[in-house]
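Okay, structure first, notes after.
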Amino acid sequence: MSDHYEAQAIENKWQKKWNEAGVDLASDDPSDARESYYCLEMFPYPSGDLHMGHVRNYCLGDAVARYKRMQGFNVLHPIGWDAFGLPAENAAIKHKRPPAEWTYANIDQMRVQFKRLGLSYDWDHEIATCKPEYYRWEQWMFTKLVEKGLAYRKEADVNWCEPCHTVLANEQVVEGACWRCDMPVERKNLAQWFIKITDYAEALLNDLDKLSDWPEKVIGMQRNWIGRSTGAEVSFGVEGSDETLDVFTTRSDTLMGVTYMAVAAGHPLAKKAAENHPGLALFLEECSHISTKEADVALMEKKGMATGFHAVHPITGETIPIWVANFVLMSYGTGAVMSVPAHDERDFEFAHKYGLDIKQVITNETCDVSVDVEAFVEMGVLVNSSQFDGLASDEAKAVITSYLDREGKGREQVQYRLRDWLVSRQRYWGAPIPIIHCDDCGMVTVPEDQLPVILPEHLQPTGGASPLTEHEAFVNVDCPTCGKAAKRETDTFDTFMESSWYMNRYTSPRCDDAMVDAKAMQKWSPVDQYVGGVEHAVLHLLYARFYHKLMRDVGLFTSEEGGDEPFKNLLTQGMVLKDGIKMSKSKGNTVNPNTIIEKYGADTARLFTLFAAPPEKDLEWSDAGVEGANRFLKRVWKLLDKAGKQFPGEASAATTKKLRFDIHTTISRITHAFEHGFSFNVAIAGLMELSNSLSTFDAHDEEGVVAFDEGMQALAKMLGPFVPHFSCEVAEKLGMTDIAVVAAWPTVDEAARVQDEITLAVQVQGKRRGEILVPKDVDQDTALAIAQANISISKWLDDVQIVKVILVPGRLLNIVVRPA
RNA sequence: GCCGGGAUGGUGGAAUUGGUAGACACACGGGACUUAAAAUCCCGAGGACUUAACUGUCCGUGCGGGUUCGACUCCCGCUCCCGGUACCA
């Protein structure tokens with residue numbers, strides 16, 4: 001009789017053994033012949049508390065890493081800390097301790113929790129982004145980007161979050177609100193640092209095609225975010241001026257239907273018109289106060305005012321009024337649009353409201369409503385368009401655009417929705433931007449030999465401006481160029497800067513003469529399997545793709561060494577729900593992983609999160625389900641009692657053969673589950689079936705004992721990726737000498753999967769009418785004869801004529817009949 | 001509006017990608033063990049009707065059509081749900 005399954009003791013024992021044996025370490029030895037495999041989960045923000053979302057994310061990745069190790073790969077599976085960020089500052093204010101203290105304490109706490117879960121990380125590769133030896137390279141990179149003109153400072157309308165007291169990138173504004181604190185963002189005109197992600201828009205879009213193993217959803221979201229649209233830029237004249245009014249349009253075929261122009265409130269022409277028009281100035285003022293949140297409400301009334309200026313149509317020379325409209329965005333295209341109310345719903349609504357002309361220039365056979373009643377937005381054939389009459393919309397776009405091009409009044413144009421990445425933040429707990437402001441020399445990048453610009457870690461934020469701005473020792477510095485007294489930049493980087501390149505730094509985390517080591521990149525990059533939440537689809541995952549290309553293009557590695565993309569495969573796991581809603585502190589429906597670990601052990605927690613739902617779907621938490629997972633482990637534990645034992649009774653070769661069939665079918669199925677889409681829930685179900693087969697089997701002879709042992713060993717090994725401690729303990733009790741989680745993954749014995757007799761389902765007219773036992777290589781005629789001899793089948797064959805028989809080998813026999 | 005994903009028992013979910021729908025588990029019901037309970041073990045179960053009988057029939061993967069010997073799977077047309085995104089010109 002074996003002892004009870006004692007999760008805590010077993011888990012402590014094996015964690016110690018693994019650590020001693022170094023089984024989780026990646027080998028950088030060039031003579032290591034194993035193929036390398038890089039498995040990575042999105043690194044956590046060290047909030048101090050492990051939540052179920054973490055557990056799920058990291059157990060998924062760990063299962064992949066462990067499986068690959070058992071398949072003989074040299075696996076890099078690192079972990080680290082996305083350690084800069086606002087929560088540390090908020091906690092600092094609350095506890096009156098510097099954010100660094102809080103952060104380092106949290107890291108220590110979370111490291112313990114991760115180890116307790118038995119996650120197979122290579123802790124030798126651990127990094128924390130708040131350490132100068134990490135962010136110095138980010139600063140170095142930034143100076144390179146400034147040199148290349150890819151980073152720049154400009155004054156712009158930016159998103160400002162008052163509660164967080166900082167600006168935000170467009171990607172960090174979710175439905176008009178701050179992604180962190182959920183409060184509405186404001187527009188502010190400020191000088192800020194940007195990185196030219198727009199220069200890479202085309203590459204980021206095109207390389208999406210290389211990401212064949214990414215979820216369609218994420219690819220689609222990135223494609224939308226980049227928002228490429230092709231059309232034309234058209235220059236209208238401005239009456240009584242040498243200036244032009246440029247617009248972007250995707251419908252140059254409707255050019256002859258333009259009846260007015262609309263410009264954004266921030267457009268220079270609008271400002272100029274307002275100079276001696278107080279009413280208009282008031283309207284512009286009003287527009288500037290509309291927060292993005294309000295503007296998001298589709299119901300917002302379209303408002304406008306005439307500027308008094310007139311534009312000159314580039315083809316007809318007609319003069320058309322220029323209006324200011326609150327729906328035109330300064331930040332997209334040129335901040336001005338040509339309005340064709342007959343063929344655009346928005347323009348129509350506006351024209352209708354202000355009594356502007358509507359001129360139809362497109363029609364087709366389905367066009368049966370007057371454009372005085374509603375806009376006709378479909379493609380069609382041009383009318384009322386003088387020399388362009390009769391052209392189809394598609395042709396007309398090309399013809400009109402090239403006409404404009406010849407006249408110097410327009411050209412084909414590709415427009416992106418993507419805008420440059422705003423990377424400066426008015427926060428303390430981040431990587432300092434390596435810039436010095438000198439009265440004489442202007443903005444000077446900090447020279448390489450003076451990097452890193454170290455963030456003083458002992459400052460105490462108060463909630464207002466960053467304490468850096470008042471820290472004289474930090475701010476006052478000599479200009480690196482002229483040596484005169486100058487001031488340091490006190491803004492810090494967006495924390496997405498750190499997370500944009502950590503996956504590359506992991507390949508050579510201690511490299512101190514370069515950002516990354518090209519050789520290490522060659523060995524490990526790109527990440528073979530990345531696992532994380534879908535909420536980063538257009539944040540982290542877009543920035544990281546961009547940054548990878550930047551690193552390549554400043555020469556840190558070549559395409560051959562590091563690849564053009566950082567992540568080959570992406571798995572986006574679903575959320576952990578309780579009572580149908582996301583588990584979160586604010587909802588008060590959290591389950592603390594530590595509680596589960598204390599009660600059942602880490603293995604049960606791991607097993608449940610992997611079994612309860614497919615990885616990409618949301619997982620509904622269930623206490624009963626956790627019990628069930630634990631029950632399964634106890635059942636397997638009990639099977640150990642039967643190992644090596646012979647029971648009284650008559651031996652049956654057929655039963656033993658059936659067990660071996662089950663064993664090897666299971667190995668095949670589970671290997672398949674790992675190789676095709678990581679359906680761990682199905683893999684675990686398969687292991688449960690194998691366990692059920694073993695529990696109903698009693699060995700009555702030596703062959704039976706051997707087969708049972710074979711099954712137990714295979715089961716122990718295959719449990720390794722999911723419940724590693726349990727797997728090792730069971731394997732050890734079975735007398736296996738290797739540590740189970742590094743032992744070779746079991747292989748299928750095809751001979752065991754061959755059956756002499758198989759069951760065929762028999763259908764008549766596609767309806768299942770019975771089953772027959774036949775030799776494995778049965779031919780159609782024999783199978784039919786056997787089926788006809790079966791009473792429950794033959795009764796369906798009376799009074800009918802058999803017209804066709806279909807045999808699907810190993811599966812079924814379908815008899816097609818017709819009334820006689 | 002647009003883009004993406006989805007709809008299978010009481011529940012979470014399977015189905016070798018066109019071949020026995022409901023694996024595996026949870027919850028439930030019945031039984032065994034126990035003084036009792038917990039734990040554990042065994043049995044049952046898609047629905048309707050039917051039978052002395054787990055006997056047999058029919059229906060059944062959101063709805064309506066189609067292709068096929070055969071459809072959860074493929075095609076056409078809908079409905080609803082979830083996620084993303086939007087005055088993008």
Side-chain angles (χ1 to χ4, degrees), chain A residues 174-175 215-225 227-229 231 247-251 254 262 264 295-302 325-329 331-340 344-347 349-350 377 415-418 534-535 537-538 574-575 608 611-614 616-629 631-632 634-635 638 665 668-669 672-673 676 679 681-692 695 759-771 792 795 803-818:
Chain A
V174 181
E175 287 177 10
E216 277 298 321
K217 180 181 173 170
V218 176
I219 303 259
M221 283 166 75
Q222 293 215 355
R223 193 164 274 140
N224 277 341
W225 191 263
R228 183 182 201 271
S229 76
V247 299
F248 173 72
T249 180
T250 54
R251 290 296 302 270
T254 64
D296 264 2
V297 180
L299 301 169
M300 190 182 89
E301 197 185 350
K302 295 189 179 15
N326 65 350
F327 65 84
V328 179
L329 305 176
S331 50
Y332 184 76
T334 59
V337 295
M338 60 179 223
S339 294
V340 188
D344 180 279
E345 281 170 20
R346 203 177 32 200
D347 295 347
E349 195 187 320
F350 193 81
V377 299
Q415 191 69 42
Y416 297 94
R417 205 182 78 104
L418 183 71
V534 74
E535 65 271 18
V538 284
M575 294 183 295
F608 171 74
F611 177 63
E616 63 283 359
K617 284 188 122 189
D618 287 346
L619 181 154
E620 175 69 32
W621 183 265
S622 155
D623 290 328
V626 179
E627 286 276 356
R631 204 143 54 213
F632 168 64
K634 287 193 217 159
R635 277 200 299 269
K638 273 199 183 162
T665 302
S668 162
R669 282 176 62 194
H672 187 269
H676 299 92
S679 36
N681 56 326
V682 184
I684 292 167
L687 293 175
M688 289 174 170
E689 282 183 74
L690 177 57
S691 150
N692 291 344
S695 82
T759 305
L760 274 189
V762 181
Q763 298 181 337
V764 179
Q765 297 293 75
K767 283 185 196 285
R768 187 176 181 280
R769 296 303 180 189
E771 56 186 36
S792 62
K795 71 179 182 186
V803 277
K804 196 173 174 185
V805 179
I806 294 138
L807 175 73
V808 183
R811 301 228 167 263
L812 61 78
L813 183 77
N814 190 10
I815 303 165
V816 186
V817 299
R818 172 166 72 202

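Here is the naming used below: chain letters follow the sequence lines, and residue numbers restart at 1 for every chain. In this text the structure is predicted, and so the values were computed from the model without any measurement.
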Partner residues of A:Phe611 under the ring-ring contact (aromatic ring centres under 6.0 Å, His included) criterion, sequence neighbours left out |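 In terms of ring-ring contact (aromatic ring centres under 6.0 Å, His included), with neighbours along the sequence ignored, A:Phe611 is linked to no residue.
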[atom1] spacing across the pair [N] / [M], given as an integer number of angstrom:
{"N": "B:G44", "M": "B:G22", "atom1": "C1'", "value": "16 Å"}
{"N": "B:G66", "M": "B:U73", "atom1": "P", "value": "14 Å"}
{"N": "B:G65", "M": "B:G56", "atom1": "C1'", "value": "32 Å"}
{"N": "B:C42", "M": "B:C54", "atom1": "P", "value": "24 Å"}
{"N": "B:C3", "M": "B:G19", "atom1": "C1'", "value": "35 Å"}
{"N": "B:G12", "M": "B:G18", "atom1": "P", "value": "26 Å"}
{"N": "B:U61", "M": "B:G46", "atom1": "C1'", "value": "11 Å"}
{"N": "B:C28", "M": "B:A86", "atom1": "P", "value": "45 Å"}

Syn/anti state for B:U51 [syn: chi within 90° of 0] |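 Base orientation relative to the sugar is anti.
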Mind telling me if B:G77 is syn or anti? Syn here is a glycosidic angle within 90° of 0.
->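 B:G77: anti glycosidic orientation.
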How many whole angstroms separate atom [atom1] of [X] from atom [atom2] of [N]?
{"X": "A:Asn326", "N": "B:A89", "atom1": "CG", "atom2": "P", "answer": "18 Å"}
{"X": "A:Gln415", "N": "B:C88", "atom1": "CD", "atom2": "P", "answer": "13 Å"}
{"X": "A:Arg811", "N": "B:A21", "atom1": "CZ", "atom2": "C1'", "answer": "13 Å"}
{"X": "A:Phe632", "N": "B:C26", "atom1": "CZ", "atom2": "C1'", "answer": "15 Å"}
{"X": "A:Ile806", "N": "B:U68", "atom1": "CD1", "atom2": "C1'", "answer": "9 Å"}
{"X": "A:Trp225", "N": "B:C88", "atom1": "CH2", "atom2": "C1'", "answer": "12 Å"}
{"X": "A:Met338", "N": "B:A89", "atom1": "CE", "atom2": "C1'", "answer": "9 Å"}
{"X": "A:Leu690", "N": "B:A25", "atom1": "CG", "atom2": "C1'", "answer": "16 Å"}

Would you check if the side chain of A:Ser679 reaches a backbone N or O of A:Asn681 as a donor-acceptor pair within less than 3.5 Å?
->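 No, A:Ser679 side chain to A:Asn681 backbone: no donor-acceptor pair under 3.5 Å.
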Classify [X] by what it touches in the nucleic acid, base, sugar-phosphate, or nothing, heavy-atom distance under 4.0 Å.
{"X": "A:Val340", "value": "nothing"}
{"X": "A:Gly220", "value": "nothing"}
{"X": "A:Val816", "value": "sugar-phosphate"}

Pick the nucleotide of RNA chain B nearest each of A:Glu216 and A:Glu771; which residue has the one closer to the 5' end?
->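 Taking each residue's closest nucleotide, the earlier one in sequence belongs to A:Glu216.
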With RNA chain B as reference, determine whether A:Ser331 or A:Ile815 sits nearer its 5' end, using the nearest nucleotide of each.
->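 The residue mapped nearer the 5' terminus is A:Ile815.
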Side-chain-base donor-acceptor pair under 3.5 Å for A:Lys302 and B:C87 |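 Counting by modelled atom types and ignoring angles, a donor-acceptor contact under 3.5 Å is found here.
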Is any side-chain N or O of A:Asn692 closer than 4.0 Å to OP1 or OP2 of B:A25?
->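 Answer is yes, contact under 4.0 Å.
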Does a nitrogen or oxygen in the side chain of A:Arg228 sit under 4.0 Å from OP1 or OP2 of B:C88?
->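 A:Arg228 to B:C88 OP1/OP2: no side-chain N or O under 4.0 Å.
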Between [options], which one does the side chain of [X] approach most closely?
{"X": "A:Lys217", "options": "B:A27, B:C69, B:G4", "answer": "B:G4"}
{"X": "A:Glu689", "options": "B:U20, B:A89, B:A23", "answer": "B:A23"}
{"X": "A:Ala761", "options": "B:A89, B:G19, B:U20", "answer": "B:U20"}
{"X": "A:Arg346", "options": "B:C87, B:C3, B:A27", "answer": "B:C87"}
{"X": "A:Tyr332", "options": "B:A21, B:A89, B:C3", "answer": "B:A89"}

Counting C-beta onward and ignoring hydrogens, is there a side-chain heavy-atom pair between [X] and [Y] closer than 4.5 Å?
{"X": "A:Leu807", "Y": "A:Leu760", "value": "yes"}
{"X": "A:Phe350", "Y": "A:Ser339", "value": "no"}
{"X": "A:Phe608", "Y": "A:Ile684", "value": "no"}
{"X": "A:Gln765", "Y": "A:Val816", "value": "yes"}
{"X": "A:Leu812", "Y": "A:Arg768", "value": "no"}

Can you sort out the partners of A:Glu689 under salt bridge (Lys or Arg N to Asp or Glu O under 4.0 Å), two or more places apart, ordered by chain and number?
->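 Once residues adjacent in sequence are excluded, the partners of A:Glu689 under the salt bridge (Lys or Arg N to Asp or Glu O under 4.0 Å) criterion are A:Arg669.
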Rounded to the nearest 0.5 Å, how far does [atom2] of [Y] lie from [atom1] of [X]?
{"X": "A:Arg635", "Y": "A:Asn692", "atom1": "CZ", "atom2": "CG", "value": "6.5 Å"}
{"X": "A:Asp344", "Y": "A:Glu349", "atom1": "CG", "atom2": "CD", "value": "10.5 Å"}
{"X": "A:Met688", "Y": "A:Arg631", "atom1": "CE", "atom2": "CZ", "value": "10.0 Å"}
{"X": "A:Leu813", "Y": "A:Arg769", "atom1": "CG", "atom2": "CZ", "value": "14.0 Å"}

What is the per-nucleotide protein-contact pattern of nucleotides 9-15 of chain B, from the 5' end, where B denotes a base atom under 4.0 Å from a protein heavy atom, S denotes such proximity for sugar-phosphate atoms only, and - denotes neither?
-> ---SSS-
Once base and sugar-phosphate atoms are separated, protein heavy atoms under 4.0 Å mark nucleotides 41-62 of chain B, 5' to 3', with B, S and - as S--------------SSSS---
Taking every non-hydrogen atom, the tightest pair across [X] and [Y]:
{"X": "A:Gly625", "Y": "A:Ser622", "value": "N-OG, 2.8 Å"}
{"X": "A:Met338", "Y": "A:Thr249", "value": "CE-OG1, 3.7 Å"}
{"X": "A:Val328", "Y": "A:Ala262", "value": "CG2-CB, 3.9 Å"}

Please list, pair by pair, any protein nitrogen or oxygen found under 3.5 Å from a nitrogen or oxygen in nucleotides 64-67 of chain B.
none

Is it the case that more than 12 heavy atoms not belonging to A:Glu535 sit under 6.0 Å from its CD atom?
->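 Yes, the 6.0 Å shell around CD holds more than 12 heavy atoms from other groups.
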Should A:Ile806 and A:Gln763 be marked as a side-chain contact (heavy atoms from CB on, under 4.5 Å) after you check the CA-CA gap, both sets of side-chain angles, and the distance that decides it?
-> CA-CA 9 Å; A:Ile806 294 138; A:Gln763 298 181 337; over 6 Å; no
Pairing stems for RNA chain B [at least three consecutive pairs; Watson-Crick or G-U; under 3.5 angstrom] |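 Runs of three or more consecutive pairs: B:1-7 with B:79-85, B:10-12 with B:24-26, B:28-32 with B:40-44, B:46-49 with B:56-59, B:62-66 with B:74-78.
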